[in-house]
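Throughout, protein chains are lettered first and strands after them, A, B, ... in sequence-line order, and every chain is numbered starting at 1.
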Protein chains: 2
Amino acid sequence: MANTGADSASGQRSRPTIRDVAARAGVSKSLVSLAFTDPQKVGPQRRELILEAAQALGYEPNFLARSLARDSAPFVGILVVNLRNPIFAEIAEAVRQELDLNGEYGLITSAAITDSDDLPNSYGRIDPRVVRMLQDLRPKALIVVGTVPEEEAMFRGIPTVYASAAPRPNTEHSSVRMDDAKGMELAVDHLVSLGHTRIGFIGGRGGAVSAGRARAFITEMESRGLEAVVEPAGFSEAEGYRAANDLLSRDRRPSAVVCVNDISAIGVLAAADDAGVVVPDELAVVGFDNIPLADLNRISLTSVDPQNREIGRLSALAVLELLGAQGTPPSESLITPDLVIRGSTLAHRPQEAPPSD
Amino acid sequence: MANTGADSASGQRSRPTIRDVAARAGVSKSLVSLAFTDPQKVGPQRRELILEAAQALGYEPNFLARSLARDSAPFVGILVVNLRNPIFAEIAEAVRQELDLNGEYGLITSAAITDSDDLPNSYGRIDPRVVRMLQDLRPKALIVVGTVPEEEAMFRGIPTVYASAAPRPNTEHSSVRMDDAKGMELAVDHLVSLGHTRIGFIGGRGGAVSAGRARAFITEMESRGLEAVVEPAGFSEAEGYRAANDLLSRDRRPSAVVCVNDISAIGVLAAADDAGVVVPDELAVVGFDNIPLADLNRISLTSVDPQNREIGRLSALAVLELLGAQGTPPSESLITPDLVIRGSTLAHRPQEAPPSD
DNA sequence: CTGAAAGCGCTTACAG
DNA sequence: CTGAAAGCGCTTACAG
């Protein structure tokens with residue numbers, strides 16, 4: 001149904017258009033357009049007139065029509081691969097906030113396909129229709145939060161930054177992510193300083209990030225002349241649980257483990273609890289991600305903090321740079337992580353203050 | 001920049017348009033349009049021809065242009081008020097899945113404004129620009145997941161269903177949410193069956209849901225001739241912590257508490273731990289929401305399960321009904337919750353199997 | 001600084 | 001069943 005005059009007279013209101021504003025202000029459509037896109041180029045009194053008319057009518061330019069005409073929408077798309085993982089939500093919000101500060105606008109959307117057996121941290125597949133939709137919307141740029149398992153061909157032709165994920169080797173895209181080598185160094189340093197020498201790693205499966213951390217662990221251990229014990233596992237709690245059981249049943253079991261992420265570390269804690277192994281006295285545990293859970297009184301998990309807000313912030317800035325100069329080559333930023341020490345490695349952790357308000 | 005022929009000859013490819021397909025198939029634009037919107041109305045051979053041309057060119061109709069022409073986009077908008085809360089992600093995905101099953105398409109987006117002091121469960125404000133953007137996109141309908149603090153005027157003119165939130169009294173919108181009275185009955189029943197008579201409630205602040213649960217608690221207790229002890233608190237861990245401390249320092253302290261949600265219940269557990277109060281022996285704790293956290297070994301929180309996937313599913317169906325018959329009056333569905341009993345109320349809980357894969 | 005005109009990619013009556 | 005035409009709401013050269 002076209003938006004006829006009759007329609008706007010009826011109860012079913014549609015939003016006023018540029019035409020309505022032009023009529024009310026007594027100017028042409030194009031002048032109204034100009035007043036909204038490049039106000040300086042319109043004479044002060046006319047501008048005032050137009051803005052008043054728009055105000056009175058409650059007019060705001062229609063994104064959709066504007067996008068079609070310009071062949072580019074006035075926003076940066078933020079594609080969150082997995083909504084269930086709280087760190088992705090945190091990154092996405094940090095991205096949006098930083099874009100805001102720079103006068104850009106971020107639209108968050110999610111493309112996760114729910115598998116029946118989906119776990120909080122599972123890296124699900126992506127819905128190609130969401131990506132197509134996003135392409136139709138023609139965002140100025142895209143920020144992909146999290147690891148996309150599929151080929152990146154989907155994002156071709158639009159400036160893209162990966163937040164918290166590594167792009168494929170010969171990509172044209174930028175990325176901002178934690179420096180895993182540095183994170184592993186912090187984790188192993190900490191454990192070694194507590195006197196641990198027999199240290200295991202749980203992880204290595206489930207993608208590039210996992211494999212990279214396993215490699216970093218081996219490097220870190222070998223550089224100290226220590227034996228690297230690796231128990232392959234993915235990102236889920238269940239896999240952490242199983243891997244920990246395997247590790248705990250070895251004859252020379254490790255006195256400490258580093259886990260590929262916090263979720264699997266939670267599984268390790270559960271396995272230790274069930275096996276009557278006291279944490280941290282008999283088993284020290286370190287995770288990666290520093291999810292909110294890690295800070296809970298009863299979990300108190302020492303974890304490598306990837307600085308998610310910083311990752312989000314820098315991803316936004318990377319996109320702005322890409323937008324500024326078209327020829328900008330893709331960049332890779334590695335963020336230096338932090339180690340947050342808690343009860344899973346230090347028995348007598350400093351008494352925590354009650355959570356602040 | 002218009003999408004000229006020269007442009008499509010250059011490296012910077014844009015997607016093929018209906019015009020390209022028409023040219024290749026040797027038919028008019030409108031016939032191509034028809035072939036995509038109402039294939040039956042096109043002769044078999046021509047249809048085949050058109051589809052082949054489209055296939056060869058990699059053509060797919062542009063959502064944006066279609067939306068502008070039709071004054072309605074081919075999808076249902078799913079607005080997630082708060083991305084940080086895992087239950088909202090779960091609902092949103094269930095909505096999308098059910099829409100899918102019915103041939104509709106759901107686009108998830110988030111509108112949370114990050115406040116500096118934002119907590120995992122804080123009900124943030126909503127970004128009006130996201131809503132406007134969504135309106136411009138003209139979704140067929142809207143599903144709002146979570147409580148929107150602002151006025152609902154934003155959603156006027158578009159069929160809307162609230163998932164997991166109550167609409168304002170005289171609204172024209174539908175809603176699907178947990179039956180809080182029933183949930184409270186389950187919680188109190190359980191505690192009473194364990195022999196508790198002095199039971200507290202932590203919550204009541206922060207919105208309609210919170211206040212409603214407080215009222216339900218009082219009703220439930222009074223109907224049994226028990227005294228209802230209410231300690232006002234919001235949804236955050238910090239507020240749960242503080243409220244629990246207040247409650248525990250009373251002369252006749254309760255032997256059990258029901259919390260307005262799981263996050264605040266976590267705060268209660270922390271307060272009990274810090275005060276040396278043993279859960280569940282000296283204090284039994286029940287939460288609402290059954291977030292994934294509640295199932296963790298070390299938390300093991302008894303919780304009222306709102307059946308989020310079911311809420312999502314029914315919200316999708318409610319929207320489909322609204323779309324089917326325009327005159328359909330708004331409906332309110334109350335979902336019967338479940339009580340998941342864990343270690344925070346039952347000391348010797350059944351030995352849990354290791355998490356399944 | 002202003003206004004008429006063409007166009008973004010699609011859909012929808014309307015006449016053949 | 002098919003094709004030319006007008007339109008969705010906006011932007012962008014282009015001529016005044």
Phosphate OP1/OP2 of D:dT12: any A:R70 side-chain N/O under 4.0 Å: yes
Atom pair distance, as rounded to whole Å: CG in A:L34 and P in D:dT11: 10 Å
Side-chain N or O of B:R19 closer than 4.0 Å to phosphate OP1/OP2 of C:dC8: yes
N or O in side chain of A:T37 less than 4.0 angstrom from D:dT11 OP1/OP2: no
5' precedence on DNA chain D between B:A65 and B:G26 (nearest-nucleotide basis): B:G26
Value in whole Å for how far the P atom of C:dG7 lies from CG of A:L64: 21 Å
Closest listed nucleotide, where the reference is the side chain of A:A69 and the choices are C:dC10, D:dA5, C:dC8: C:dC8
Distance, rounded to the nearest Å, where A:L49 contributes CG and C:dT2 contributes C1': 14 Å
Atom pair distance, as rounded to whole Å: CG in A:D136 and P in C:dG9: 11 Å
Spacing of A:F36 atom CZ relative to D:dT12 atom P, expressed in whole Å: 15 Å
Nearest-angstrom distance from the residue atom CG of B:L31 to P of C:dC10: 14 Å
Side chain B:T109, main chain B:L79, donor-acceptor under 3.5 Å: no
Proximal nucleotide (of C:dT11, C:dG3, D:dG9) relative to the B:L68 side chain: D:dG9
Touch class at under 4.0 angstrom, heavy-atom based, for A:F63 against every strand present: nothing
Intermediate values then yes/no, salt bridge (Lys or Arg N to Asp or Glu O under 4.0 Å), A:E52 and A:R24: CA-CA 9 Å; A:E52 264 172 21; A:R24 189 178 230 264; over 6 Å; no
Nucleotide nearest B:N62 when distance is taken to its side chain, options C:dG3, C:dC10, D:dG9: C:dC10
Main-chain N/O of A:S331 paired to A:S174 side chain as donor or acceptor, under 3.5 Å: yes
DNA chain C: 5'-proximal contact among B:S33 and A:S30 (nearest heavy atom): A:S30
Donor-acceptor pair, side chain of A:N102 and main chain of A:E104, under 3.5 angstrom: no
Whole angstrom value for the distance that separates P of C:dA4 from NZ of A:K29: 11 Å
Side-chain N,O (B:S28) to OP1/OP2 (D:dT2) below 4.0 Å: no
CA sep, side-chain torsions, deciding dist, call: A:F75, A:F63, ring pair (Phe, Tyr, Trp, His ring centres under 6.0 Å): CA-CA 9 Å; A:F75 65 87; A:F63 273 126; 7.1 Å; no
Sugar-phosphate, base or nothing in reach of B:V42, heavy atoms under 4.0 Å: sugar-phosphate
A:R313/A:E310 ion pair, N-O < 4.0 Å: yes
Any B:R46 side-chain nitrogen or oxygen under 4.0 Å from OP1 or OP2 of D:dT2: yes
Rounded interatomic separation in angstrom, taking CD1 from B:I50 and C1' from D:dG3: 12 Å
Base paired to D:dA15 (Watson-Crick or G-U; both N/O distances under 3.5 angstrom): C:dT2
